[in-house]
Amino acid sequence: MRRSNSNRAATYTELNDARRDLLEVLEGLENGDWDKPTLCEGWRVRDVVSHLASAPDAKVWKVASGMLRARGNVDRMLDEAARDLGERPVDEILEHFRSNVEATSLPPTVEPEQFLTDVVIHSLDICQPNGWELHLPADRIRLVLSKLVTLSGPFRGKERAEGLHFDTTDIDWRCGCGDDVRGPSRALLLALAGRTSACDQLTGDGVGELASRH
């Protein structure tokens, strides 16, 4: 039990650090940058940040209400909420995100490791296509990669990873059995999360199969 509590505390530390690292990027943006596209199809920077800012505020009744409006479709619920919140003034979105940087509350049914994965992937969604530098330590990447390959749900990393062997070329992490997929850790993160364009940075006999699972 003691070790489990220690691991949970370490995950929360990484989660808060990941949000601070993204906040550092966001605080340096110009107003026009908030309308730039991201790797989340149809979402602008302001939409993705709104999604991340509001996640710690999610309560069971809010999720239930959103699911009712979205007719039970989780993806639709998240999309509608992000777009709606993304219409707020930039200053309001940024302050909302800032206010939850050290939040410890989690959306219903979401584990800390899964929440960390969401923050890291969406931080890359924002920064990668726009050429913005994001601090992302190797230990955090390893933690998220190891969680991502076990997750179904929105990211579907488990389904994408099945029957493939992954090997990062810039940090010490490998996983799975099957046809090889090799490349930079950030590209692997994005590819496993369904960002098809990241597959262009990968090599190996399994890349085609991975790309087909998006």
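In this chain, numbering begins with 1 at the start of the sequence shown.
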For Asp172, side chain to side chain donor-acceptor pair (under 3.5 Å) partners two or more places apart: Arg174
Is any side-chain heavy atom of His96 closer than 4.5 Å to a side-chain heavy atom of Arg88? yes
Between Arg19 and Asn16, is there a donor-acceptor pair closer than 3.5 Å when you use the side chain of the first and the backbone of the second? no
Separation between CD (Glu111) and OG1 (Thr11), nearest 0.5 Å, reads 10.0 Å
Test Glu24 against Arg20 for salt bridge (Lys or Arg N to Asp or Glu O under 4.0 Å), laying out the working first. CA-CA 6 Å; Glu24 184 176 350; Arg20 289 191 194 94; over 6 Å; no
Checking Trp173 against Asp167: is there a side-chain donor and acceptor pair closer than 3.5 Å? no
For a quick check under 3.5 Å, do Asp33 and Asn130 share a side-chain donor-acceptor pair by atom type? no
Just so I know, are the side chains of Thr13 and Asp17 near enough to count as touching, which here means a heavy-atom distance under 4.5 Å? yes
Tell me if a side-chain donor or acceptor on Ser54 pairs with a main-chain N or O of His51 at a distance below 3.5 Å. yes
Any side-chain heavy-atom pair from Gln128 and Leu189 closer than 4.5 angstrom? no
Check: Arg182 and His165 side chains under 4.5 Å, non-hydrogen atoms: no
Apply the test side-chain hydrogen bond (donor to acceptor under 3.5 Å, both in side chains) to residues Asp170 and Ser185: give CA-CA distance (whole Å), side-chain angles for both, the deciding distance (0.1 Å), then the verdict. CA-CA 6 Å; Asp170 56 336; Ser185 55; 3.0 Å; yes
Apply side-chain contact (heavy atoms from CB on, under 4.5 Å) to the pair Lys158 and Val149, showing each step before the final yes or no. CA-CA 4 Å; Lys158 180 178 180 180; Val149 296; over 6 Å; no
Check: Glu133 and Val25 side chains under 4.5 Å, non-hydrogen atoms: no
Do Asp180 and Asp205 come close enough that some side-chain heavy atom pair is under 4.5 Å? no
Taking the basic N atoms (NZ, or NE/NH1/NH2) and the acidic carboxylate oxygens, is any pair closer than 4.0 Å for Glu87 and Arg83? no
Establish, from distance only, whether the side-chain atoms of His122 and Asp118 form a donor-acceptor pair under 3.5 Å. yes
